[in-house]
There are 2 protein chains.
Amino acid sequence: MHVERKLETIFASDLRYLMVVSFIVLGNNAVTNRFIEQTYRMPVHAWSTLFAIVMFPGIRAKEIRHLFPRPQNTISRAVSLLDARGLIRQETSDADGREKRLHATPRGETVLAEIRGISRARQTELFEPLTDEERETFFRLARKIAEGPRLLESVAMGLDATGRSAAE
Amino acid sequence: MHVERKLETIFASDLRYLMVVSFIVLGNNAVTNRFIEQTYRMPVHAWSTLFAIVMFPGIRAKEIRHLFPRPQNTISRAVSLLDARGLIRQETSDADGREKRLHATPRGETVLAEIRGISRARQTELFEPLTDEERETFFRLARKIAEGPRLLESVAMGLDATGRSAAE
DNA sequence: GCCAGATAAATCCATATGGATCAATCTTTC
DNA sequence: GAAAGATTGATCCATATGGATTTATCTGGC
């Protein structure tokens, strides 16, 4: 059985909804991660962190992890890298000495604008198989999933939103 | 601005199609990866490798990486782990001495059946915000993206399907 | 005013990852 | 039949990752 037939068999299986999303993401990750790492010498979550900082000046690290669900120390390390590269600056919050308020530097805004343009082109080619109407439908449905109550926690897998076993 | 408003702003941005898919995947990965790693002591791509082997007895490692686009040595290592756990067995191909034909053991099939059941439940809760018709529509559109010509390669990012710069 | 508990971010470190390289085998050309 | 180039999978190793812990600060109860 040729590999294309195997893929069709998977996309006809009872797990096809998970499998098709997984396939899209693995494929896109392979392309996007390699590009970002090779071109900007940073992991892909550093650019998404910069994206959040440019879009919301003064944002805090804990807020970023709600926009891009990743471990807290992954965000912390991305912030350190961006700071070391001179792409952001941190200022301790007046309200709470533990918090850092994050701002992009002009250089950070330039780098982000460049990545953003390329990401827009990548988005266009990725979604090219869909008509405009289909793309809006896809987005509307994906957003319902994204805002659903069981994205970040699971009864089936016994985990609450903090990643802790819900039985604890 | 509250973090929910920030998420809405991102989902209204020019990169919203990529961002919503990214959000779904990061969220689901956080749940699924942790569950698989804690419960079965294996990385998530080991179970997807086992899934492929159970579904297609005799499959080769190179074919698996077309079903789940990952680095070749990631598949190799997953195969080694599954073999060490007694979940699969490898036999050298008659046709080509370099190839391994992969088969699940009875124990591998048992473990896969268990994971599969939990994954089905997880899939159900993840897609619960959608009606049956919406879920089929989502799948149909996602599949068009998955089968599009620009998933595994990119003009925008200058990479061909082997991950090599297309200019080379 | 003190203190226990909670919170925000940094750091640690055992383990995982992935590009590069290697070894064995196969295919094509001469 | 030999050899160069290609292919398949294993291994290497520098770097990344993420759960756990630590440090500094804040909050609420007494």
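Here Q90(A) lies in heavy-atom contact (under 4.0 Å) with sugar-phosphate atoms only.
Classified by interplanar angle (parallel below 30°, tilted 30° to 60°, perpendicular above 60°), the ring pair F138(B)/F138(A) is parallel. Ring pair F51(B)/F68(B) is perpendicular by interplanar angle, where above 60° counts as perpendicular and below 30° as parallel.
Only Q72(A), N73(A), S76(A), listed by number, bring a heavy atom of residues 72-80 of chain A to less than 4.0 angstrom from any atom of DNA chain C. Applying a 4.0 Å cut-off to non-hydrogen atoms, none of the residues of residues 41-58 of chain A approaches DNA chain C.
For the side chain to side chain donor-acceptor pair (under 3.5 Å) condition, the pairs that include at least one residue of residues 112-129 of chain A, sequence neighbours left out, are N28(A)-R122(A), Y40(A)-E114(A), R116(A)-D14(B), R120(A)-D14(B), R122(A)-E125(A), E125(A)-S154(B).
Between the CG atom of D83(A) and the C1' atom of dT11(C) there is a distance of 16 Å, rounded to whole Å.
The main-chain N or O of A78(A) is never found under 3.5 Å from a side-chain atom of T49(A) such that the two would form a donor-acceptor pair. In terms of modelled atom types and a separation under 3.5 Å, the side chain of T74(A) and the main chain of R70(A) share no donor-acceptor contact. Within the 3.5 Å criterion, the main-chain N or O of M42(B) finds no donor-acceptor partner in the side chain of R85(B). Remark: side-chain polar atoms of S76(B) are not paired, donor with acceptor, to backbone N or O of N73(B) under 3.5 angstrom. Although no hydrogens or angles enter the test, the distance criterion places a donor-acceptor pair under 3.5 Å between the side chain of E63(B) and the main chain of R60(B). Remark: side-chain polar atoms of E8(B) are not paired, donor with acceptor, to backbone N or O of R5(B) under 3.5 angstrom. A distance-only check finds a donor-acceptor pair linking the side chain of T105(A) to the backbone of L87(A) [under 3.5 Å]. At least one donor-acceptor pair under 3.5 Å links the side chain of T39(A) to the backbone N or O of F35(A). The main-chain N or O of S13(B) is found under 3.5 Å from a side-chain atom of R16(B) such that the two form a donor-acceptor pair.
Annotation: the terminal axes of the helix from dG1(C)-dC30(D) to dC30(C)-dG1(D) meet at 20°, where each axis is the rotation carrying the C1' atoms of four end pairs onto the next four (5 pairs per end, rounded to 10°).
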Contact list (N/O, under 3.5 angstrom) for nucleotides 24-27 of chain C vs protein:
from, atom 1, to, atom 2, distance (Å)
dT25(C), O3', G97(B), N, 3.4
dT25(C), O2, R98(B), NH1, 3.2
dC26(C), OP1, G97(B), N, 2.9
dC26(C), O4', R98(B), NH2, 3.3

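A residue-by-residue look at S93(A) and P71(A) shows that P71(A) has its nearest nucleotide of DNA chain D further toward the 5' end. Where E63(A) and E37(A) each meet DNA chain C at their nearest nucleotide, the meeting point lying more 5' is that of E63(A).
A nucleotide of DNA chain D counts as in contact with chain A when one of its atoms lies under 4.0 Å from a heavy atom; the first and last such, 5' to 3', are dT17(D) to dC26(D).
A cation-pi arrangement, defined by a distance under 6.0 Å to the six-membered ring centre and an angle within 45 degrees of its axis, is absent between R143(B) and F11(A).
Residues L67(A) and I59(A) have side chains in contact (heavy-atom distance under 4.5 Å, counting atoms from C-beta outward). The side-chain heavy atoms of M55(A) and I10(B), taken from C-beta on, include a pair separated by under 4.5 Å.
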